[in-house]
Amino acid sequence: MKNSNNEKTYRMSSNLNKFQKSLYKHLIEYKWNVLGIKEPGTYKGHTYDYMFPKSYETGYSPVLYKELYPELDLLQDSNFRFKEHIMAYHMASSQCACINLFMPVLLDPNASKIMKDIPGCPEGFMEIDRTRLYRGFCFEYWGQDIENKPAYGLLNDHTTAAGTDADVAIAYIDTEGRPCIWLIEHKLAEKEFTCCGGYKSERNKNKEFCRTTDLNGLLNDNSKCRYTSIGYNYWDLTARFQSTYRCLYSDTQCPFLKGRNQLWRNQILALALVETGSYSHAHFSVVHHRDNHYLDASMAEYCQMISPETPFSSFTNEDVLRAVQRHSNGLLGWIEWYEGMYMM
């Protein structure tokens with residue numbers, strides 16, 4: 001569907017919210033005028049100006065900060081290479097935006113000071129542990145470094161096509177000298193967190209059970225949950241970590257049918273990492289664009305149902321940029337680039 005603004009036409013999806021429309025138009029203008037790429041791309045048979053043509057899919061996405069290319073080559077040649085998302089050639093690729101936000105910072109000599117100064121930083125964070133992961137960090141992390149882990153990961157849900165992972169993981173040492181890890185979910189233009197794929201599945205013949213069974217009921221008997229039937233161990237882990245969810249949300253249905261689903265899965269991944277003994281503490285955070293408030297409701301609902309001690313926090317990309325400004329003159333050029341790219 002074509003969307004027009006002041007006689008200028010943008011080929012965009014028709015179901016965008018106000019923030020998405022604004023960001024997408026900005027990114028299209030950036031694609032046209034800064035990257036110099038006028039040709040649209042296609043997705044599922046539709047033509048969009050924010051997509052790149054197929055001819056650009058032979059190398060790194062043009063969205064990625066070019067100064068990162070040499071380091072990305074090294075990362076992708078390591079044991080912690082990440083799989084490129086199918087939407088990496090979308091101007092609003094959240095994966096690319098995550099790399100653009102964190103990789104320059106994490107490679108900076110003052111990275112530990114910067115990360116420590118971000119609101120939501122784990123309590124006790126002292127310094128990045130450069131001996132773990134790839135120089136202390138990893139994109140699309142699902143527990144790759146855990147020895148003797150199950151074939152399909154700690155949640156038994158990881159395949160080449162699906163599974164729970166953190167957009168970026170940061171290994172760090174706390175003030176007591178213990179190895180810890182910080183899992184971060186990055187959101188750019190998304191209007192919601194990932195909802196329950198098990199509930200939406202056409203193979204789920206027990207959707208009425210999902211709609212009428214609350215958290216206590218599911219902890220007692222989740223045999224009809226699609227996740228359980230295909231072997232994912234989300235509910236076994238949730239039962240082991242019941243103190244996390246002692247502040248029960250007042251749903252009369254499964255509380256994880258909608259956006260809280262992704263928050264829940266990332267949280268139990270963090271808790272499962274500690275259970276392995278590889279890390280003494282694991283913290284989970286969400287980072288989102290400062291102007292994207294469409295995620296606020298799900299995060300507020302999630303905070304209502306977890307205990308106050310649960311290691312969860314959120315912050316914005318603006319928080320990261322301001323922390324960088326306070327601690328690294330060497331990244332001022334990158335800040336200018338990022339702000340221009342992402343409508344800051």
Side-chain angles (χ1 to χ4, degrees), residues 19 23 26-27 30 34-35 60-72 74-75 80 82 91-130 132-141 166-175 180-190 283-293 295 312-344:
F19 170 70
L23 179 64
H26 169 83
L27 290 172
Y30 191 97
V34 179
L35 299 181
Y60 292 127
S61 170
V63 177
L64 288 168
Y65 187 49
K66 286 184 170 53
E67 299 296 322
L68 294 175
Y69 284 10
E71 196 71 34
L72 281 168
L74 297 175
L75 170 57
F80 296 97
F82 61 88
M91 282 296 295
S93 163
S94 190
Q95 183 187 54
C96 291
C98 178
I99 295 169
N100 286 337
L101 179 62
F102 284 105
M103 196 167 183
V105 175
L106 293 170
L107 293 172
D108 189 82
N110 293 316
S112 294
K113 291 181 180 179
I114 295 168
M115 299 308 295
K116 190 174 181 179
D117 200 22
I118 293 172
C121 177
E123 184 177 352
F125 181 103
M126 185 173 72
E127 63 181 358
I128 295 171
D129 186 351
R130 298 296 186 183
R132 290 179 178 245
L133 307 178
Y134 175 80
R135 299 184 63 179
F137 62 92
C138 175
F139 297 105
E140 309 300 335
Y141 177 82
D167 290 328
V168 61
I170 303 167
Y172 68 94
I173 301 297
D174 70 5
T175 52
C180 304
I181 193 164
W182 186 3
L183 307 184
I184 302 174
E185 176 65 26
H186 176 279
K187 296 298 184 188
L188 180 64
E190 293 91 336
H283 190 95
F284 169 50
S285 294
V286 172
V287 59
H288 59 92
H289 191 287
R290 69 175 185 192
D291 297 325
N292 184 358
H293 298 290
L295 305 165
F312 173 74
S313 61
S314 66
F315 55 96
T316 71
N317 56 354
E318 174 82 14
D319 293 325
V320 179
L321 298 185
R322 300 294 79 83
V324 172
Q325 284 182 322
R326 290 189 289 270
H327 297 286
S328 179
N329 291 330
L331 287 175
L332 296 181
W334 162 77
I335 291 177
E336 183 178 2
W337 172 87
Y338 183 93
E339 289 178 334
M341 175 77 170
Y342 291 112
M343 199 176 72
M344 300 288 289

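The first residue in the sequence is number 1, and the count goes up from there.
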- Between E71 and R135, is there a salt bridge with N-O shorter than 4.0 Å? yes
- Message: Would you call the rings of F139 and F137 parallel, tilted or perpendicular, taking 30° and 60° as the class edges?
- Response: perpendicular
- If we ignore angles and hydrogens, is there a donor and acceptor under 3.5 Å between the side chains of H288 and S314? no
- Message: Going by side-chain contact (heavy atoms from CB on, under 4.5 Å), V168 matches just one of W182, Y141, F82, F102. Which one?
- Response: F102
- N317 side chain to L101 main-chain N or O, any donor-acceptor pair under 3.5 Å? no
- S313 (side chain) donor-acceptor with S285 (main chain) under 3.5 angstrom: no
- Taking the six-membered ring for Trp, is the centroid-to-centroid distance between Y60 and Y69 below 6.0 Å? yes
- Measure from the ring center of H293 to the ring center of F19 and say whether it is less than 6.0 Å. no
How close do [X] and [Y] get, heavy atom to heavy atom, and via which atoms?
| X | Y | answer |
| --- | --- | --- |
| I170 | M115 | CD1-CE, 3.5 Å |
| L68 | N100 | CD1-OD1, 4.2 Å |
| L106 | A111 | O-CB, 3.7 Å |
| R290 | M344 | NH2-C, 3.0 Å |
| A169 | L183 | CB-CD2, 3.8 Å |
| K116 | C121 | CA-SG, 3.7 Å |

- Evaluate side-chain hydrogen bond (donor to acceptor under 3.5 Å, both in side chains) for H289 paired with T316, printing each intermediate quantity in order. CA-CA 6 Å; H289 191 287; T316 71; over 6 Å; no
Look up atom [atom1] in [X] and atom [atom2] in [Y], then write down how far apart they are to the nearest 0.5 Å.
| X | Y | atom1 | atom2 | value |
| --- | --- | --- | --- | --- |
| M91 | L27 | CE | CG | 5.0 Å |
| D129 | Y172 | CG | OH | 11.5 Å |
| F80 | R132 | CZ | CZ | 10.0 Å |
| R326 | I114 | CZ | CD1 | 10.0 Å |
| D117 | H327 | CG | NE2 | 3.5 Å |
| L295 | E185 | CG | CD | 9.5 Å |

- Check step by step if side-chain hydrogen bond (donor to acceptor under 3.5 Å, both in side chains) holds for D108 and S328. CA-CA 8 Å; D108 189 82; S328 179; 2.9 Å; yes
- Query: Per the ring pair (Phe, Tyr, Trp, His ring centres under 6.0 Å) rule, which among Y338, Y342, W337 passes with Y65?
  - Reply: W337
- Message: Are the side chains of Y134 and L74 in contact, using a 4.5 Å heavy-atom criterion?
- Response: yes
- Query: Is it true that atom CD of Q325 has more than 12 heavy atoms of other residues, nucleotides or ligands lying nearer than 6.0 Å?
  - Reply: yes
- Query: In chain order, what residues pass the side chain to side chain contact (heavy atoms under 4.5 Å, CB included) check against E190, with sequence neighbours excluded?
  - Reply: S94, K187, L188
